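First listed ligand is number 1; within each ligand, the first listed atom is number 1. Everything numeric here is computed off the predicted structure, so don't read it as measured data.
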Amino acid sequence: MLTNSEINSYLENGYLIRRAALSGPDIETYRKAIDRLLHKCLIDRVHDGYLRYIDGERDDIWGVNNVFHPSIREDALVDSLANPQILDVIESLIGKRLRYHLCTLLVNSEKKPYHINWHRDAASDGEVPQEVLNSRLRSHVQLNGALYDDDSLYIVPGSHCRELTDAERSVLREKPNEEMPHQLVVELKAGDIVFYNSSILHKGKNTNRKIRQTLHYAIVAITSESHPLNPDNPTDQEWLNDPEFLGNLPDRLKPLFDNWLKYR
Ligand SMILES: O=C(O)CCC(=O)C(=O)O
């Protein structure tokens with residue numbers, strides 16, 4: 001699926017952009033599913049606890065967590081995780097033994113600017129020891145799949161595999177959403193997908209509320225170091241045990257959710 005040069009570029013830079021990965025019909029199908037899902041969240045007010053609120057206040061959102069939850073689930077979005085343009089790429093990057101980790105939707109806020117601080121996903125202050133960063137090079141893949149043109153994700157290429165520089169540390173401590181040395185705005189057209197290592201320094205910014213519907217998924221690799229029943233995983237997703245959900249998954253996704261149960 002990927003060339004060696006694409007894989008090496010991902011490992012070296014911490015991200016890989018696949019242009020026009022999603023077809024026009026897929027984009028249309030996913031957008032419609034998201035419109036229905038947002039209606040359930042914002043008008044019917046189901047699934048409140050999983051909304052990503054701007055500034056923690058409950059009047060505007062920038063995303064929805066756990067979009068496979070039965071109260072809002074849309075089959076088209078479940079299927080999107082099995083899209084070969086997503087799953088084949090993830091397999092090329094981290095192997096075929098995979099475990100579900102997160103399925104989120106990122107959207108534009110309606111009233112307030114969206115601007116979150118620079119961070120690494122596992123450490124909001126960015127401080128992660130070198131050996132841990134080394135161990136995460138192929139431990140997982142995160143992605144943003146744009147259904148509308150999206151320039152909200154900012155990254156520092158190459159920062160996933162090294163500790164912070166003094167200049168980065170001072171931005172994180174003193175002005176944590178301002179310009180970072182060597183920052184790159186990830187410019188995605190509708191249908192483009194960026195795959196990235198979530199240890200990369202990154203932030204989100206959409207201060208003028210430009211329309212955004214972006215799939216935000218993460219999958220982890222099962223390795224010899226994976227722990228059965230990992231206690232770090234969220235425990236509030238009992239719905240993922242639902243036999244109806246598990247029984248109706250696309251075949252390619254079944255092992256990912258079986259492994260979620262085994263290695264949780
Ligand atoms: O808006 C984005 O693309 C960044 C999201 C992000 O950093 C996060 O979910 O931790």
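Using cut-offs of 30° and 60° on the angle between ring planes, the pair H202 and Y196 is perpendicular. In this pair, F257 and F245 present their aromatic rings perpendicular. The plane angle is above 60°, beyond the 30 to 60° band.
Under a 4.0 Å criterion applied to the non-hydrogen atoms of R212, ligand 1 contributes the atoms 1 (O), 2 (C), 3 (O). Residue I116 has at least one heavy-atom neighbour below 4.0 Å for each of these atoms of ligand 1: 6 (C), 7 (O). Those atoms of ligand 1 with a heavy atom of D121 less than 4.0 angstrom away are 10 (O). Residue N144 has at least one heavy-atom neighbour below 4.0 Å for each of these atoms of ligand 1: 3 (O). Which parts of ligand 1 touch L153 is read off a 4.0 Å heavy-atom cut-off, strictly below it: atoms 3 (O), 4 (C). Interface atoms of ligand 1 facing Y114, defined by a heavy-atom separation under 4.0 Å, are 1 (O), 2 (C), 4 (C), 5 (C). Near H216, meaning under 4.0 Å from one of its heavy atoms, ligand 1 places the atoms 9 (O).
In terms of polar-atom proximity, defined here as any N/O pair under 3.5 Å, Y196 makes no such contact with ligand 1. Considering backbone and side-chain N/O of W62, none are found under 3.5 Å from N/O of ligand 1.
Taking atom 9 (O) of ligand 1 as the reference point, the nearest protein heavy-atom neighbour is R52 NH1, 2.8 Å.
Heavy atoms of T214 found under 4.0 angstrom from ligand 1: none, in either backbone or side chain.
One side chain, E238 or N241, offers a donor N or O that lies under 3.5 Å from an acceptor on the other. For the 3.5 Å distance criterion, the side chains of T214 and H216 fail to qualify, holding no donor opposite an acceptor. Under the 3.5 Å distance criterion, with hydrogens and angles disregarded, no donor-acceptor pair is assigned to the side chains of D26 and Q85.
Under the 3.5 Å distance criterion, the side-chain polar atoms of N13 are left unmatched by any main-chain donor or acceptor of Y15.
Using a 4.0 Å cut-off between charged nitrogen and carboxylate oxygen, K254 and D251 count as a salt-bridge pair.
Put simply, the residue from T104, I90, D121 that forms a side-chain contact (heavy atoms from CB on, under 4.5 Å) with Q142 is D121.
Distances from ligand 1 to the non-hydrogen atoms of R120 include no value under 4.0 Å. Residue contacts with ligand 1: H119 is included, with a non-hydrogen atom under 4.0 Å away.
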Check against salt bridge (Lys or Arg N to Asp or Glu O under 4.0 Å), D60 and K112: CA-CA 7 Å; D60 207 359; K112 297 173 169 175; over 6 Å; no
